[in-house]
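Note on naming: letters A, B, ... go to the chains in the order of the sequence lines (proteins, then strands), and numbering restarts at 1 for each one. Only this structure's heavy atoms are used, side chains among them; waters, hydrogens and symmetry mates stay out.
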Amino acid sequence: MFGITLRANRGTSIKVHEDEPLTLSVSIINEAAAQANVKNHPMKENLQTLERKFKAKHIDEEEFIRSAGEIRKEMLQEKVYRFGGPTGWTSFVRFQTLIDKAWEYVDWPLWLLVSYPSSSVAELDGSNSCYAEYGLDPKEDRIQNGDIKIRAVVEIIKGEPSLSNIVNVNFLNKRMSKTMRDREETIQFLAEYSFKKGLYDDARAHVLSILESNPSSIRSLALLGNIEEMKGELYSALSTYVKALEEFEKMYPDLDEAPDGIISNIERVLELVSK
Amino acid sequence: MSQQGVQQKEYPVPVMQAEIEEENGARLGIDLTLCPQDWLPEATNKRVRFTARIYTFNEADENWEYKGEAGEKREITFEFREVSNEPGICMNFPAINQANENPDLFFPDDGYNAGKYTFSNDDTDGGKPCPTEIVNPGDNPAHSHHYKTTTTIATTSEATIEVRCEDYGAYGILRVSAPDCETLEPRRTDEGCSQRGGANDVKIPMDVDGNRIADSASQDNGGASANQDEDNNPVGDGTRGDGLTNYEEYRGFIVKTGGNKSHIRTDIDRKDIFIHDRDGLGYGFFSQSGLVIHLLPGAEYYGGDSPNDPPPGTRTTSQPRAVGDKTQVINFNSKTAHGGDQHGLRLVDEALTQGSGFTCATDPNSPGPPKNVNRVIIDRSYIAGRGINNKLGKTIAHELGHAVCLRHHGPFAPNWKKHYHGIFFASPKWGREGGRQVLKNPRGLSDPAGGPTSGDANCVMRYDNLFAFWCHNNDSCRHRIYKPPNKEVLSNLTFCSATNGTGVNNVPDPKGGNPHRNDAQRGNCMSQMKVKDW
């Protein structure tokens with residue numbers, strides 16, 4: 001009924017060094033409702049056509065009710081689930097590891113980094129999925145080192161837990177090499193992790209170190225703009241976003257389409273500064 | 001031939017055999033039961049039985065009589081005159097390099113047949129074993145032979161043979177013979193001898209119209225050509241078909257439903273699209289397209305993922321931009337009635353530099369159909385961080401829409417790139433903030449009339465992130481009618497079927513003048529849709 005997908009640092013089999021954070025991202029899809037959406041679509045169109053005919057008085061009420069009833073009988077039920085509460089819908093997501101052939105819940109100090117929807121109650125229909133990212137700091141004492149298997153458990157319906165795929169995480173008993181630590185993608189990951197945790201100064205330090213060696217990094221510029229925006233440095237953020245836009249143009253001189261993310265950022269800040 | 005519940009049609013030119021008379025003068029005939037009318041081929045160890053009988057001709061009554069145990073007995077031989085050997089067991093399983101071409105119908109030497117027959121004419125394609133798991137573990141038990149001929153060990157007046165099927169599109173012609181016997185036309189299991197001389201060939205499954213699709217399957221379409229591809233719902237840009245022929249839709253696909261694998265035969269009237277949703281993104285509001293969406297259980301179910309075409313920000317010109325050779329093909333196990341390769345879509349969650357989604361395609365300005373799309377990228381983490389309700393489902397539908405040839409509601413301002421330069425750099429007022437020089441007189445981007453924010457406000461292909469100033473094609477008459485991003489409520493999302501501006505794009509003039517209406521230059525997204533790759 002529910003499709004639960006788990007990723008660790010956006011992968012399914014990863015290695016994590018001692019000085020590297022771990023992110024666990026979980027998505028929840030109402031598969032039954034999504035399939036019902038697809039199956040019901042032509043029937044919904046038929047219903048609309050029928051309604052138009054009825055309103056235009058091309059068919060009488062009796063025929064309308066009968067025909068609509070027949071169509072509805074063929075349709076699959078699209079069950080929508082609302083779940084959440086004071087602790088948020090994300091508290092319905094838990095993680096287990098495989099220990100001695102038995103799955104046990106973990107009590108790791110996980111941070112909620114991002115959630116979609118951001119409201120405390122989520123509505124799960126056939127078109128909207130739920131998504132949450134949780135982080136485990138590098139500094140935290142790991143429960144264990146070595147290879148472990150992790151899965152997510154989401155209990156939207158009481159007594160009917162839905163299980164995710166299993167991801168393999170190898171917690172290494174060593175720190176990253178200097179080469180790895182200096183890699184742009186590693187620093188970007190650390191910057192984004194810090195940003196999502198609200199540690200804007202740490203995030204800025206990481207991003208500036210990337211831009212020092214690669215001033216054209218669009219992703220880093222966009223993140224720097226986000227950091228500046230969150231710190232209330234709106235004009236700086238605007239300039240940084242425009243710089244990101246310039247770099248994007250240089251990279252894609254032939255692309256007609258405006259980069260929606262960068263432009264959204266600009267437009268959002270423009271609204272704030274115009275107040 | 002008249003059979004209960006079967007259209008009155010004739011088999012193609014029956015092969016008449018010379019009359020054979022025994023030394024004592026009695027004529028013998030042999031027939032075979034027809035395939036049950038509603039029997040459909042399935043690869044998961046599905047079996048079907050056929051019974052041959054030997055008759056004696058009663059000269060007085062001019063009638064073929066079955067005398068049971070008292071009748072003449074012979075060794076009876078069953079053989080496949082013709083049998084399909086499609087690669088794999090359906091259009092997308094097993095993987096392209098694991099699909100063998102064994103006969104799709106054969107005589108198993110186990111179960112019902114064991115100990116009653118001798119087997120010959122083993123046509124097993126060595127090297128590539130048959131899969132033992134198609135949908136569930138062990139649903140296609142291991143076997144090492146695919147016999148096409150079998151003979152009863154003992155002489156008998158009646159013999160029943162079991163045929164095993166190993167393909168969802170299997171077809172073949174079974175015939176039976178016995179020494180001294182002429183052949184009689186086949187009969188239904190619940191009927192007596194047909195009383196007509198002629199070939200006893202039996203088509204498996206029942207296929208009177210001869211298009212290699214079972215007559216009882218909806219894909220038979222009254223005997224239409226197996227090569228036909230005429231799906232017309234949704235109509236889209238008027239191109240009929242979804243790149244899958246009637247036979248391919250009938251032979252079917254392994255897909256993921258409710259977390260489990262299953263085999264499906266698809267609808268020949270509705271256009272199908274297959275998605276490999278690697279990261280569990282779901283298809284958002286794409287179901288509003290009216291296409292029948294199928295999720296694949298893994299990359300191997302469409303020939304593997306193509307090599308990554310890097311997303312914006314990291315791409316170099318030498319890297320591939322669309323699908324690789326024979327990858328992301330949904331009907332890769334093809335042979336009979338193949339029209340052309342049809343591609344599925346790869347949907348992934350990746351970090352993007354420029355925004356929420358991107359369709360990596362041969363021509364990013366005009367992506368689609370699926371053969372031109374390397375993958376559809378959604379940056380879920382970025383979207384989640386924006387906190388706009390329905391934005392994720394909308395972005396997924398928007399990018400998947402591009403992959404089936406939908407374009408934006410109108411062109412971006414032709415000078416959108418220069419626009420920001422003009423705004424920010426032409427006559428800038430600079431100030432200082434946090435020790436750095438910054439711009440103090442910014443303005444937002446004006447979307448032209450009929451541009452990407454125009455048209456039906458509920459359409460997922462419409463842009464929602466511009467300031468959306470627009471005008472009546474008159475620069476002196478501008479109206480700000482729309483609020484910037486993050487304030488918008490994305491609701492009732494769909495694909496538009498007109499160019500008319502609605503919602504924020506059709507606002508009454510407070511002074512009682514003409515409404516401020518911003519129709520889309522392109523719009524009518526449903527009429528642009530195209531799925532077919534060939």
Nearest 0.5 angstrom please: [X] [atom1] to [Y] [atom2], how far?
{"X": "D125(A)", "Y": "N390(B)", "atom1": "CG", "atom2": "CG", "answer": "7.5 Å"}
{"X": "S497(B)", "Y": "E45(A)", "atom1": "OG", "atom2": "CD", "answer": "8.5 Å"}
{"X": "H41(A)", "Y": "T494(B)", "atom1": "NE2", "atom2": "OG1", "answer": "6.0 Å"}
{"X": "Y382(B)", "Y": "N226(A)", "atom1": "OH", "atom2": "CG", "answer": "7.5 Å"}
{"X": "I383(B)", "Y": "Y131(A)", "atom1": "CD1", "atom2": "OH", "answer": "10.0 Å"}
{"X": "L352(B)", "Y": "R219(A)", "atom1": "CG", "atom2": "CZ", "answer": "8.5 Å"}

With a 4.5 angstrom heavy-atom cut-off, which part of [X] approaches chain A: side chain, backbone, both or neither?
{"X": "L281(B)", "answer": "backbone"}
{"X": "R278(B)", "answer": "both"}
{"X": "H408(B)", "answer": "side chain"}
{"X": "Y283(B)", "answer": "side chain"}
{"X": "L291(B)", "answer": "backbone"}

Quick check on [X] against chain B: is it the side chain, the backbone, both or neither that has a heavy atom closer than 4.5 Å?
{"X": "S127(A)", "result": "both"}
{"X": "K196(A)", "result": "side chain"}
{"X": "N30(A)", "result": "neither"}
{"X": "A34(A)", "result": "both"}

Can you tell me which of [options] forms the most heavy-atom pairs within a distance under 4.5 Å of chain A?
{"options": "D279(B), D277(B), I293(B)", "value": "D279(B)"}
{"options": "R270(B), Q288(B), K256(B)", "value": "R270(B)"}
{"options": "G357(B), G393(B), G284(B)", "value": "G284(B)"}

Exercise: do T257(B) and Q35(A) side chains pair donor with acceptor under 3.5 Å: no
Taking all non-hydrogen atoms of both residues, which atom of [X] and which atom of [Y] are closest, and how far apart?
{"X": "G282(B)", "Y": "I29(A)", "result": "N-CD1, 3.1 Å"}
{"X": "N389(B)", "Y": "Y116(A)", "result": "C-OH, 3.9 Å"}
{"X": "S129(A)", "Y": "L392(B)", "result": "OG-CD2, 3.4 Å"}
{"X": "V114(A)", "Y": "S381(B)", "result": "CG1-O, 4.3 Å"}
{"X": "S27(A)", "Y": "G280(B)", "result": "OG-O, 2.8 Å"}
{"X": "R10(A)", "Y": "D379(B)", "result": "NH2-OD1, 3.2 Å"}

- request: Mind ranking A132(A), P42(A), S220(A), A222(A) by heavy-atom pairs under 4.5 Å with chain B and telling me who comes out on top?
  value: P42(A)
field: Residue among N165(A), I28(A), I262(A), N128(A) with most heavy-atom pairs under 4.5 Å to chain B
entry: N128(A)
